Amino acid sequence: MEKNGNLIVNDCNLQGIKPIMVDLPYPPIQVREKNLKYAEILMFDYCGSVSELSAVLQYINNENRMSSEHCALIRTILGIAMAEMMHLQKLGELIHLLGGNVCFETKQRNGMWSPACLTLPNCIPQMLQADIEAERAAIKQYRNHINIIQDECVNHVLKRIIQDEEYHIMILQSLLNNG
């Protein structure tokens, strides 16, 4: 951050940021047949406590709380958040194709996403560690869902998302180790 007269200015340029993801195409977004049970399962990945919605909001919140003197780190966090937004979009398409209602409700205890789903520590190393733990939890949940869902079209997309999540862990771990 830079002081410009009486103004405090964020001098970190965020133009040109691209999603940070594995350089592989996604499988087509298609399903074998409508299946509300599968749609409900994917709603947990879409907007449950461990979900792409949680990931997007946790990354954006972390980025917002970092100082612009960490510009390279901020750009990386935003690139990962963009990849998570793409995952959210792909899951929404799958839920719709399966016949589900794309909304922000799940069949969990309270039925709604809340900020309590996020881990928001105040210092950067703890932020990165919380992000790594969230990515690991997402991978575990995706693998459990792959074992339940018997639609290879859906599972191909989930496996491709896992590749991005594993890549994010590698990047975050490197940032944590070199920070």
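All values reported here derive from a predicted model rather than from experimental measurement.
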| task | Go through the structure and list residues passing side chain to side chain contact (heavy atoms under 4.5 Å, CB included) with A134, not counting sequence neighbours. | result | Q58
| said: Testing the 3.5 Å rule here: is there a donor-acceptor pair between the side chains of N62 and D131? | reply: yes
| Hey, does the side chain of R75 reach the backbone of N13 with a donor-acceptor pair shorter than 3.5 angstrom? | yes
| Honestly curious: do L78 and L120 fall in one hydrophobic cluster under the side-chain, below-4.5 Å linking rule? | yes
| query | What's the verdict on side-chain contact (heavy atoms from CB on, under 4.5 Å) for I148 and K37, showing C-alpha distance, side-chain angles and the deciding distance? | reply | CA-CA 10 Å; I148 296 168; K37 178 183 173 197; 4.3 Å; yes
| Taking all atoms of both residues into account, what is the closest heavy-atom pair of L175 and T76, and its distance? | CD1-CG2, 3.8 Å
| field | Shortest non-hydrogen contact between I20 and A83, atoms and distance | value | O-CB, 3.2 Å
| Do L88 and V157 belong to the same hydrophobic cluster, where Ile, Leu, Val, Met, Phe, Trp and Tyr are linked whenever their side-chain heavy atoms lie under 4.5 Å apart, directly or via other members? | yes
| request: Just do the side-chain contact (heavy atoms from CB on, under 4.5 Å) check on L91 and I161 with the steps written out, would you? | output: CA-CA 10 Å; L91 289 169; I161 291 172; 4.3 Å; yes
| Does a side chain donor of either N147 or R143 reach within less than 3.5 Å of an acceptor in the other side chain? | no
| What distance do F44 atom CZ and H145 atom NE2 have between them, rounded to the nearest 0.5 Å? | 7.0 Å
| task | I would like to know whether M21 and M86 meet side-chain contact (heavy atoms from CB on, under 4.5 Å); could you show each step before the answer? | result | CA-CA 10 Å; M21 51 204 312; M86 292 178 70; 3.8 Å; yes
Contacts under 3.5 angstrom, residues 23-30 side chains, donor-acceptor by atom type, not counting sequence neighbours:
residue : atom : partner : partner atom : Å
Y26     : OH   : H87     : NE2          : 3.0
Y26     : OH   : D164    : OD2          : 2.2

| query | Are L172 and I124 co-members of a hydrophobic cluster defined by side-chain heavy atoms under 4.5 Å apart? | reply | yes
| task | Keeping to residues at least two apart or across chains, list the disulfide (SG to SG under 2.5 Å) pairs with something in residues 11-43. | result | C12-C71
| field | Check against side-chain contact (heavy atoms from CB on, under 4.5 Å), Q129 and E133 | value | CA-CA 6 Å; Q129 188 60 49; E133 289 170 16; 3.4 Å; yes
| Does the distance from a Lys or Arg side-chain N to an Asp or Glu carboxylate O, for K90 and E52, drop under 4.0 Å? | no
| message | Side chains of H168 and E165: any donor to acceptor distance under 3.5 Å? | response | yes
| field | The single option from I95, D151, V154 passing side chain to side chain contact (heavy atoms under 4.5 Å, CB included) against Y38 | value | D151
| query | Are side-chain N/O atoms of Q173 and N177 paired as donor and acceptor at under 3.5 Å? | reply | yes
| field | same_hphob_cluster(I149, V50) at 4.5 Å side-chain heavy-atom cutoff | value | no
| query | Hey, any chance M43 and L36 share a hydrophobic cluster, counting ILVMFWY side chains that come within less than 4.5 Å of each other, even indirectly? | reply | no
| Looking only at heavy atoms, what is the nearest atom pair of S49 and S54, with distance? | O-OG, 3.1 Å
